[in-house]
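No hydrogens, no waters, no symmetry mates; every other heavy atom, side chains included, goes into these values.
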Amino acid sequence: MTGTGILFGVGVGPGAPDLVTLRAARLIGAAEVLAYPALAGAESLARGIVADLIPAGCREIAIEVPMTTDRAPAQTAYDAGAARIAAELGAGRNVVVLCEGDPVFYGSFMYLQARLSPRFAVEVVPGVTSLTACAARAGRPLAARNERVTVLPGPLPEDELRSRIAGAETVAVMKVGRHLPKIRAVIDGLGLTERAVYVERATMPGERVCPLSEAPAAAPYFSMILL
């Protein structure tokens, strides 16, 4: 390790501030440097969750990530963010990187970790995942005994979604967003609509939990279907 600062990847949970862990709150409250992802031109959801914990005088690094299907712009943004973080770590300052949910469960932190872990010490602080938050809000146990849980991203092709759902016991379809009509058609075609629960913005303002048959025509990115 050539640097002296420690890179902390801190999960801040699914949205409710009181679901932030004690360890995460302690690190954020003592942070010298705080970094977080944000959609270009928008405020950071991760920062908003813990805004009341950020100490005065803390240096902040906003990593603006374009939301596009083309991976190149996002990779460029992570390259630039990693370079700014590396400068702080190299100067001996610890950096706390905020991540919605859990840093290693579909978390953006992994892209920074891959760039920086060869040079700096990294510690990951787990957070409450959207998967468990949605199950809790829906009142649906995910698994018992030897049951399997299958987690699928909504952007998967229709044929793959169909085959994976058909062979599963419990299914969570994440990143629903604009893929809702496709996912709905797959679930309906398998005769499983009445078993499906739709959860939108779990634990956040505007939360919605309902049978999939009553879900809106359009879904936000932060939505999930449980089967």
Side-chain angles (χ1 to χ4, degrees), residues 9-25 28 36-39 42-53 65 67 97-110 124-144 147-156 161 164-165 168-184 186-188 192-227:
V10 175
V12 298
D18 58 353
L19 287 177
V20 175
T21 67
L22 292 175
R23 182 177 297 181
I28 294 165
Y36 44 80
L39 292 180
E43 295 185 359
S44 167
L45 174 60
R47 186 192 187 282
I49 293 170
V50 299
D52 291 344
L53 299 175
V65 181
M67 183 61 77
V97 178
L98 305 179
C99 186
E100 299 147 15
D102 181 274
V104 294
F105 185 69
Y106 291 104
S108 57
F109 175 72
M110 64 183 69
V124 176
V125 178
V128 176
T129 68
S130 58
L131 173 61
T132 49
C134 286
R137 299 304 296 157
R140 292 288 188 91
L142 286 171
E147 294 174 348
R148 298 165 297 168
V149 178
T150 300
V151 181
L152 303 173
L156 285 177
L161 280 172
R164 290 182 179 274
I165 292 173
E169 294 174 345
T170 295
V171 178
V173 184
M174 302 179 59
K175 305 179 183 180
V176 172
R178 62 188 176 87
H179 303 282
L180 178 59
K182 173 188 67 180
I183 300 166
R184 253 181 159 148
V186 168
I187 293 173
D188 190 55
L192 297 173
T193 296
E194 65 180 31
R195 299 187 187 181
V197 177
Y198 171 83
V199 185
E200 176 179 311
R201 303 185 191 281
T203 80
M204 292 186 277
E207 175 189 272
R208 181 172 185 170
V209 181
C210 65
L212 179 59
S213 59
E214 299 174 13
Y221 179 80
F222 290 106
S223 54
M224 187 179 300
I225 295 171
L226 299 174
L227 281 159

Closest non-hydrogen atom pair, M224 against A172: SD-CB, 4.1 Å

Side-chain heavy-atom pair V151, F105 within 4.5 angstrom cut-off: yes

Close side-chain approach of M204 to L45, heavy-atom, < 4.5 Å: yes

Heavy-atom donor-acceptor pair, E214 side chain to P211 backbone, under 3.5 Å: no

Intermediate values then yes/no, side-chain contact (heavy atoms from CB on, under 4.5 Å), L180 and L212: CA-CA 10 Å; L180 178 59; L212 179 59; 4.3 Å; yes

Backbone of G101 reached by a side-chain donor or acceptor of T129 within 3.5 Å: no

Interatomic distance, K175 atom NZ to I225 atom CD1 [nearest 0.5 angstrom]: 15.0 Å

Least distance between heavy atoms, M174 atom then S130 atom: CE-OG, 3.4 Å

Nearest heavy atoms of A133 and P14, plus distance in Å: CB-CG, 3.6 Å

Polar side chain donor-acceptor pair, T193 to D188, under 3.5 angstrom: yes

Donor-acceptor under 3.5 Å (T170 side chain, A143 main chain): no

Distance-minimising heavy-atom pair for R184 and P216: NH1-O, 3.1 Å

Qualifying residue for side-chain contact (heavy atoms from CB on, under 4.5 Å) with P103, from V12, V125, V124: V124

Over 12 non-hydrogen atoms of neighbours within 6.0 angstrom of CD in E169: yes

Atom pair CD1/OG1 of I28 and T21 - distance to nearest 0.5 Å: 8.0 Å

Shortest non-hydrogen contact between D102 and C99, atoms and distance: O-SG, 4.0 Å

Side-chain heavy atoms of F222 within contact of E200, under 4.5 Å: no

Minimum side-chain heavy-atom gap P153-Y106 below 4.5 Å: yes

Least distance between heavy atoms, L142 atom then V149 atom: O-CG2, 3.7 Å

